[in-house]
Amino acid sequence: MSEPFVPPPVPPAAPLPQAPPPGAYRVPVGGYQAPIGGYSAPAATAPSRATGALALVASLIAAVVAPIVAGALALRIGMLVSVNDLVSVAGDFVVAALSPARAETLWAEIMFWLGTALGLFAVVGGIIAVARRRGRGMGIAAIVIAAIGPVLFFLAVTLMFGIGNGIAFGPMV
């Protein structure tokens, strides 16, 4: 036969809160409410995007302005100095051959170092902007543009020197 049905045991009721001892301070249910018109914390302001913007401007100067100026100088150097004079028979680079274009060579080197310094500043500033969320998109763009800058610089200088050399010392027909 079957055993008689035995209902499951009923869990004990939750204990009732104890009454505070005599003389205790009473606390309202749910905690204290903030006073109306009292002090409140100021609203958080959005971080400045100036770090990212500064890094982006530096990267644009390093990757666009410096190669354009150096390319124009390289065109002038190419028109003054033949590539055949720059390389000796042994394959060595002859620095003295650049003497007709001293000023242009100096300014091209200044543009190289200016582009390098601004490019490094842009990479570091971009990393700081990304890490601190101060113009994150501009910081990422600054890092990418500054990384492409040296390629653009050497491409511009090489092409413009070759064009200038071809204009001045090309085959005479």
Side-chain angles (χ1 to χ4, degrees), residues 27 30-88 90-169:
V27 176
Y32 290 105
Q33 301 298 319
I36 298 173
Y39 175 78
S40 63
T45 59
S48 172
R49 296 171 42 182
T51 306
L54 186 63
L56 182 60
V57 168
S59 71
L60 288 173
I61 292 172
V64 176
V65 175
I68 289 173
V69 173
L73 291 165
L75 178 71
R76 180 76 179 134
I77 294 169
M79 292 175 76
L80 293 173
V81 179
S82 171
V83 75
N84 296 330
D85 296 338
L86 287 175
V87 181
S88 69
D92 297 330
F93 186 75
V94 180
V95 178
L98 289 171
S99 64
R102 275 178 286 207
E104 291 85 355
T105 305
L106 175 65
W107 281 106
E109 187 173 354
I110 290 171
M111 285 295 108
F112 169 78
W113 289 112
L114 180 69
T116 300
L118 285 174
L120 288 174
F121 176 77
V123 169
V124 171
I127 291 171
I128 290 171
V130 170
R132 294 189 179 173
R133 299 181 188 264
R134 296 181 180 265
R136 185 174 237 184
M138 289 185 284
I140 292 170
I143 294 169
V144 171
I145 292 170
I148 295 172
V151 175
L152 297 176
F153 186 90
F154 287 111
L155 185 66
V157 169
T158 304
L159 286 176
M160 296 306 282
F161 178 80
I163 290 171
N165 215 256
I167 290 171
F169 303 103

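These values consider heavy atoms only, across backbone and side chains, with no hydrogens, waters or symmetry-generated copies. If you read the sequence from its start, that first residue is 1, and numbering goes on from there. Bear in mind that the values here come from a model prediction, so they are computed numbers and not experimental data.
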Roughly how far, to the nearest 0.5 Å, is the CD1 atom of Ile145 from the CG atom of Leu60? 4.5 Å
Got a second to check how far Ile167's CD1 is from Leu75's CG, nearest 0.5 Å? 5.5 Å
Check: residues 126-138 side-chain donor-acceptor pairs under 3.5 Å, at least two apart:
none

Search all heavy atoms of Ala63 against all heavy atoms of Gly149 and return the closest pair with its distance. CB-CA, 3.7 Å
Gap separating the CG atom of Asn165 from the OG atom of Ser82, nearest 0.5 angstrom: 5.0 Å
So, taking the atom named OG1 in Thr51 and the one named CG in Leu56, what distance separates them when rounded to the nearest 0.5 Å? 12.5 Å
Identify the two heavy atoms, one from Gly115 and one from Ala66, that lie closest to each other, and give their separation to 0.1 Å. CA-CB, 4.2 Å
For residues Ala146 and Ala122, report the shortest heavy-atom separation together with the two atoms involved. CB-CB, 3.9 Å
Sequence neighbours left out, what passes side chain to side chain contact (heavy atoms under 4.5 Å, CB included) with Ile110? Give chain and number order. Leu106, Trp107
Closest approach of Met79 and Ala168, non-hydrogen atoms and distance? O-CB, 3.3 Å
Residues in side chain to side chain contact (heavy atoms under 4.5 Å, CB included) contact with Leu120, at least two apart in sequence or another chain: Thr116
Closest contact, heavy atoms only, Leu73 versus Ala108: CD1-N, 3.5 Å
Of all residues at least two apart in sequence or in a different chain, which pass the ring-ring contact (aromatic ring centres under 6.0 Å, His included) check with Phe153? Phe112
So which pairs with a foot in residues 58-74 pass salt bridge (charged side-chain N to carboxylate O under 4.0 Å, His left out), sequence neighbours left out? none
Arg76 meets the salt bridge (Lys or Arg N to Asp or Glu O under 4.0 Å) criterion, sequence neighbours left out, with Glu104
Rounded to the nearest 0.5 Å, how far apart are CD1 of Ile61 and CG of Leu114? 8.0 Å
Please examine the side chains of Leu86 and Val81, heavy atoms only from C-beta on, and report whether any two atoms are closer than 4.5 Å. yes
Which heavy atom in Phe161 sits nearest to a heavy atom in Ile77, and how many Å separate them? CE1-CG2, 3.8 Å
So how far is it from Glu109 CD to Leu98 CG, rounded to the nearest 0.5 Å? 10.5 Å
What residue among Leu159, Val157, Thr158 forms side-chain contact (heavy atoms from CB on, under 4.5 Å) with Leu155? Leu159
